[in-house]
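Please read the structure below before turning to the comments.
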Amino acid sequence: MINRFSKVLLVAVFSLFTLCGYGQCEAEIKDFYLAYMQNEESNESANVELLRATMSPELIARLKEYSQQYDVDAVVNAQDVCEYGIKSLTVVPQGEDVYMVKYKWNPESEYTCIKVIASDVDGKFTIMDISPVVYPK
């Protein structure tokens, strides 16, 4: 009986720990995007350090290449940002380490969606991948 109780307790504690980590990444992604979008409007050079602090050099290079190829900022999947976009920003968990970042240009517009893969790597929030999501019309 005690052995079974111990196993149930262990599973419950592990589940709680996983959920806390899961929610923490969600909050950190939102904080990252809020800072990034606000910097885009007032201090673009601050984003260079923000990217270095949260991404690998390889991901930064890939995002830069995408941005140049498609003439958009790959992080926000747009050429620029607006105040309403910052206010409407949401982050929705999609599964383990996968999140959907969504924002609108105005109340009537479609969402701009970006898939973000992020995790806690060695105790540090790390964005592993960012890719735009294009829904068929």
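- Considering every non-hydrogen atom in both I130 and V116, the closest pair reads CG1-CG2, 4.3 Å.
- Shortest non-hydrogen contact noted between G85 and Y103 is O-CB, 3.4 Å.
- With a 4.5 Å cut-off on side-chain heavy atoms, F32 and M55 count as touching.
- In this structure the side chain of T112 never reaches within 4.5 angstrom of the side chain of V76, judged on heavy atoms.
- Put simply, NZ on K115 and NZ on K102 are 15.5 Å apart, with the number rounded to the nearest 0.5 Å.
- In plain terms, the two heavy atoms of Q94 and M100 that are nearest each other are CG-N, 3.7 Å.
- Closest of all the heavy-atom pairs between V91 and P93 is O-CD, 3.9 Å.
- Remark: D73 CG to K64 NZ distance equals 12.5 Å, nearest 0.5 Å.
- We find the OH-CD distance between Y99 and E28 to be 9.5 Å, quoted to the nearest 0.5 Å.
- Counting heavy atoms from C-beta on, the side chains of Y70 and N77 never come closer than 4.5 Å.
- The hydrophobic clustering, which links ILVMFWY residues whose side-chain heavy atoms are closer than 4.5 Å, places M37 and F125 together.
- Between atom CD of residue E26 and atom CG of residue D31 there is a gap of 11.0 Å, rounded to the nearest 0.5 Å.
- S67 approaches A74 most closely through the heavy-atom pair OG-N, 2.9 Å.
- Put simply, the side chain of Y33 reaches to within 4.5 Å of the side chain of I114, judged on heavy atoms.
- Linking Ile, Leu, Val, Met, Phe, Trp and Tyr residues whenever their side-chain heavy atoms come within less than 4.5 Å places W105 and L89 in a single cluster.
- The closest donor-acceptor contact from the side chain of N43 to the backbone of N39 lies at 3.5 Å or more, if one exists at all.
- Environment of NZ in K104: crowded, with over 12 heavy atoms of neighbouring residues, nucleotides or ligands closer than 6.0 Å.
- V81 and Y84 fall into different hydrophobic clusters, where Ile, Leu, Val, Met, Phe, Trp and Tyr residues are linked whenever their side-chain heavy atoms come under 4.5 Å apart, directly or through other members.
- Tracing side-chain contacts under 4.5 Å through hydrophobic residues (I, L, V, M, F, W, Y), one never reaches V48 starting from I127; they form parts of separate clusters.
- Counting heavy atoms from C-beta outward, D80 and E40 have side chains that stay 4.5 Å or more apart.
- Contact annotation: the side chain of D97 never approaches that of M128 to less than 4.5 Å [non-hydrogen atoms, C-beta and beyond].
- The hydrophobic cluster containing Y66 does not contain L59, counting ILVMFWY residues as joined when their side-chain heavy atoms lie under 4.5 angstrom apart, directly or transitively.
- Taking the side chain as every heavy atom from C-beta outward, N47 and V75 never approach each other to under 4.5 Å.
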